[in-house]
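Working notes for the structure below.
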Amino acid sequence: MEENLERNTHKKVAIVTGASRGIGAEIVKTLSKNGYIVVLNYNKSKNLAEEIANNFANIYPFKANVSQYDEVKQLIDYSYNNFGHIDLLVNNAGIDFVKTINDTTLEDFDNILKTNLYSAFYTCKEVSKYMINQKSGHIINISSIWGITGASCEVAYSISKAGLDAMTKSLAKELGPSNIRVNSIAPGIIDTDMNSFLGEEEKKDLFAEIPLGRIGTTSEVAACVLFLENNPYITGQVLQVNGGWNI
Ligand code: NAP
């Protein structure tokens, strides 16, 4: 155990997966500013993870490829063993994939489901035993508008996100009696690397479909995490943050 870690801290302890960039990074910064200890999970972007940890308080970067069960187990055990409790898990890690079903290989399908959906099953399976034991906790799954409405040429991605929302609802029922809440946040289009492939014309067409007429920001998603954290009577819900794109 590292010397500077605060075992049995009175501060809330959160784990955020896929948090080196984009929405996850913003959630980590928001939680840090609100007094949480945060285990920042990353996979490839070590430098970005360390930069966040150097600039914000109480952030502990931990490398794990969340599509691998053994690595998830290490992430959850590291968090519990070092801080003595886990109050919030945010399953944010995810990758996008845009191809027709015919062009999607079985390997692609496997990769998307493992990264976006199996990963959350693995984290929930591991974290729930600690949360059940402590009789408290909150799990937030970052799903997507596409899990609700379905997206053309994003069958694998949409399945993975719908699966997350189903997991949210099932686990909210299963874990509620242990005082553990489970919610989803389903963003529309948010300004991150994930959408960097969109050209100016494509963006213009897209924004025309959104009642609020613009892309969302990572801080607007991070604010939803705090909102759900601060209301102990909300569980099993899918909170949409999409500028009215799906009403
Ligand atoms: P992003 O900017 O592309 O960042 C993705 C993050 O996921 C990175 O930090 C990356 O870490 C991490 N990641 C990817 N594979 C991983 C793995 N196997 N293990 C651990 N970490 C992994 O994405 P984003 O836009 O912030 O999206 C975050 C979440 O929001 C995703 O689940 C996405 O599906 C969802 N979402 C996004 C939008 C949007 O418009 N942006 C809309 C709806 C839902 P490394 O770089 O360290 O590998």
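Just so you know, ligand 1 is whichever comes first in the structure, and atom 1 is the first atom listed for that ligand.
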key: Matching residue for Ile139 among Asn183, Leu89, Thr168 - test: side chain to side chain contact (heavy atoms under 4.5 Å, CB included)   =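 Of the listed residues Asn183, Leu89, Thr168, the side chain to side chain contact (heavy atoms under 4.5 Å, CB included) partner of Ile139 is Leu89.
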Contacting atoms of ligand 1, where contact means under 4.0 angstrom from a heavy atom of [X]:
{"X": "Tyr42", "answer": "47 (O)"}
{"X": "Asp193", "answer": "2 (O)"}
{"X": "Val66", "answer": "17 (C), 18 (N), 19 (N), 20 (C)"}
{"X": "Ser144", "answer": "43 (C), 44 (C)"}

Report task. For atom OH of Tyr118, decide whether the heavy atoms of other residues, nucleotides or ligands shown that lie under 6.0 angstrom number more than 12. Result -> no
Regarding [atom]: of the candidates [options], which has the closest heavy atom?
{"atom": "atom 31 (C) of ligand 1", "options": "Asn92, Ile190, Asn41, Ile142", "result": "Asn92"}
{"atom": "atom 15 (N) of ligand 1", "options": "Asn43, Thr115, Asn91, Asn141", "result": "Thr115"}
{"atom": "atom 47 (O) of ligand 1", "options": "Gly22, Ala93, Ser45", "result": "Ser45"}

shortest atom 34 (O) of ligand 1-to-protein heavy-atom contact is with Tyr157 OH, 2.6 Å
Whether Ser160 side chain and Leu117 backbone form a donor-acceptor pair below 3.5 Å: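 Not confirmed, Ser160 side chain does not pair with Leu117 backbone.
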For ligand 1, is there an atom lying under 4.0 Å from some heavy atom of [X]?
{"X": "Ser143", "value": "yes"}
{"X": "Gly216", "value": "no"}
{"X": "Asn65", "value": "yes"}

Can you find a heavy atom in the side chain of Gln74 that is under 4.5 Å from one in the side chain of Phe62? yes
Under 4.0 Å between heavy atoms, the region of Asp96 that gets near ligand 1 turns out to be neither
